[in-house]
Amino acid sequence: MYEGIVQELIDEFGRLPGIGPKSAQRIAFHILQTESHDTTRLAELLTIVREKVRFCEICGNVTEHETCSICRDPRRSQATICVVEEAKDVVAIERTREFRGLYHVLGGAISPIDGVGPDDLRIRQLMQRLADGTVTEVIIATDPNLEGEATATYLSRLLHQPGLTVSRLASGLPVGGDLEYADEVTLGRAFEGRRLVEN
Amino acid sequence: MIVSHLSLTDFRNYERADVALEPGPNLFVGSNGQGKTNLVEALGYLSTLGSHRVSSDQALIRQHQASAIIRARLEHGERGVLVEVQLNRSGANRAQVNRSAIKPRELPRYFSSVLFAPEDLALVRGEPGGRRRFLDELLVLLSPRLAGILADYDRVVRQRNTLLKSARSAGVKGSQLSTLEVWDERLIELGSQIVEARTALVSRLEPEVARAYESIAGGEHSAALENRLSVLSHSDAEEDAGDEPGLTGVVTAADAASAFRQSLERLRRTELDRAVTLVGPHRDDVVLRLNGMPARGFASHGESWSFALALKLASVAELRRDTTTGDPVLILDDVFAELDAARRERLAEAVASVEQVLITAAVHDDVPEALRANTVRISRGRIFEDRDERA
C-alpha cells in the first residue's frame, strides 16, 4: 500500500477494464514521472470527453454532435441498417469499407447474468427507425457468442415483418489463416455453415 | 501409444524424477504417501489438463517453487513425440511438442490416457453429476467439437436460471417472457445435441461395459446401462426420478428437441416458481444396472469397484476403436487392493492386450504375477528401478 493519493490513483486505474493491479501501479508511476504538461493534457481530455462526447440520437454511435457523421452522410444508403452491439463494432465494420448503409448500436447484448434485458438495449429506437418503411434490409452483426446469438434470435423474431430482409453475419474460418490452425469449435461451425459451390 | 520416459521437475513431492517405462504393464510400488499416485497423476494431467484429485493446478507445484514441469517421451508406433508442460504458479501454463510451443489445450491431441483411481467409485455410488462428467469427458475426446456445445449449454442454463430468478422477483413481465423463449430455443438446440451424443455413446459403451464386467467378475453377472432423460420423464423432474424405467438406444436430436419443448411448456409455471431450469441434459443420469438391479444402492463394495472399473475399461475400448494414435495408456491407481484374488487375476488378463498399463500398489503381492515384469519402487519422492521380482 502506498500513501494517500498515490494509492487512490492506483485504485482508480485498477477499476478500468483490462487493467490489473500491477498495470495500474505502472501507469500511476508513469504519470508521476512524466512532464507535467502531458498529464495536464490527459486530465483535460478526461474532463471534456464526458461533456463533449454523446451518443448519436439516431443510431447510438459516439459523436460530438447531435447525430454522428455516418447518419449525416447523404451518400450512405438509407435502406440498410447494420445492428451492432457496441460503437467499437461500427469502427471495425467501417474499416472493411464494404458496407455503405447505416448502423444501429444496441449498447450491449441480452445477458440476464449481467442484468441486461431487451429494455436495457436500444431496441425500441431501432423499431422506430424501421416504422416508415425506408429501411428494407437489416443485417444483424452481434458477436458470435452465446449472448450475441440470443440477441440476434430475439431481434429476428421482432423484425419479422413484410418487406424487410433480415440477415445474420456468417461465422466460420478466418481468412488468410491455415485450416490446420483453426480450433475445433470454429472449424466445426464452419462445417455446419458450409455452402454449395455454384457452377 | 506408449510413454517411454517420464520426467518430472518440482511436481508434487518430486524435486526431480526420471523413470523409463516399458510397453505392457508397469508397476509402481511403495508405501502410502511416497508419491506413486503423483507419478500417474502427472501423466493424467497431460491427457486431461487437470488432476483427478484437485481442481487447481497450484497443488501440483512443489512447495515454495514457482513452476513444475511434466515431460513425457511418447511413442506413437514408430514415431517419437516429446511433450512437455510447465505449470506456473502465476501466469499461464506453457506447453511444447517436440520443442515447439503449442497451446496447452492442444496437448490431449498428442496423448490420451484413461485413469482409474479410488475416487472413481463415485461413478457407481455417487450423484448423477459424476456420471454425466464421465460421459462428457469421453465425448469430448471422441468428438472435440462437443466441448464448445457443452460449455455453451452450461452458460445457457446459467443465463436462463438468472432470468427466471429476476422474472420471479419482478413479477412476470411480458418482455422478460419473450426473452425466455429465446433462451429456451438455445437450450433446446444445444441440449438436444447433447442428448443425442450421450445416448449414442451409452449405446456404444453398453456392450463394452457388459463385456468388461464379465471379464472381471465372471460370466454369471450382467452389467447394463440405461439412460434416464429428464426431458422424457413424467415425474416432476426431480434429480432422483425414483424407479421409472430408463431407456436404451439412441434418441435423435430431433426427438429430443420435441420432447424438450413439451417438457418446458409443461413445467413453465413450476420453473417460474422455483427459478431453476428443471429439465435438460444437466439433469440427466445414466443408470447402472447389475443383474437387473440398480448398482447404486444394491451392489456390494467389490461389485461397485468392478462396475466402475468396467466403465473405464469400456472407455479404453471405445477410444481404441476410434483412435489414430494407438491405444490410450491405461492407468490403474490403487485398484488391486480392493479386489479379491479371482478378480485380480481376471483383471490382469483383461488388460493384457492394452499397449501400456501403469499400475500403482502399496503392497507388491496384491498385484498378480503377470503384471510385475517392470517394477519400479518409490520411496519418499525418489525412484528406484529394479527389474528384480521383489521390490
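Letters A, B, ... mirror the listed sequences (proteins, then strands); counts begin at 1. Below, each value reflects all heavy atoms present in this structure, side chains not excepted, and no hydrogens, waters or symmetry copies. On a predicted model such as this, the values are computed, not experimentally measured, just so you know.
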- request: Give a yes or no on whether the backbone of A/Thr153 and the side-chain of B/Glu185 come within a donor-acceptor separation of less than 3.5 Å.
  value: no
Does [X] [atom1] have over 12 foreign heavy atoms under 6.0 Å away?
X	atom1	answer
A/Phe29	CZ	yes
B/Arg94	CZ	no
B/Arg133	CZ	no
A/Arg41	CZ	no
B/Arg321	CZ	yes
A/Gln161	CD	yes

field: B/Leu190 portion near chain A, given a 4.5 angstrom heavy-atom threshold
entry: side chain
message: Heavy-atom cut-off 4.5 Å, strictly under: side chain, backbone, both or neither for B/Arg186 against chain A?
response: side chain
task: Determine the option with the most heavy-atom pairs under 4.5 angstrom with chain A, choosing from B/Arg109, B/Lys165, B/Lys103.
output: B/Arg109
- request: Please determine, among B/Arg160, B/Arg145, B/Arg155, the option with the most heavy-atom pairs under 4.5 Å with chain A.
  value: B/Arg155
message: Using a 4.5 Å heavy-atom cutoff, which residues in residues 99-111 of chain A come close to chain B?
response: A/Ile110, A/Ser111
query: When heavy-atom pairs shorter than 4.5 Å are enumerated against chain B, which of A/Leu146, A/Leu187, A/Leu158 gives the highest number?
result: A/Leu146
statement: On a heavy-atom basis, the closest approach of B/Thr162 and A/Pro112 is CG2-O, 3.5 Å
message: Can you give me the closest heavy-atom contact between A/Ala150 and B/Val182, atom names plus distance?
response: O-CG1, 3.1 Å
field: Interatomic distance, A/Glu147 atom CD to B/Gln159 atom CD [nearest 0.5 angstrom]
entry: 4.5 Å
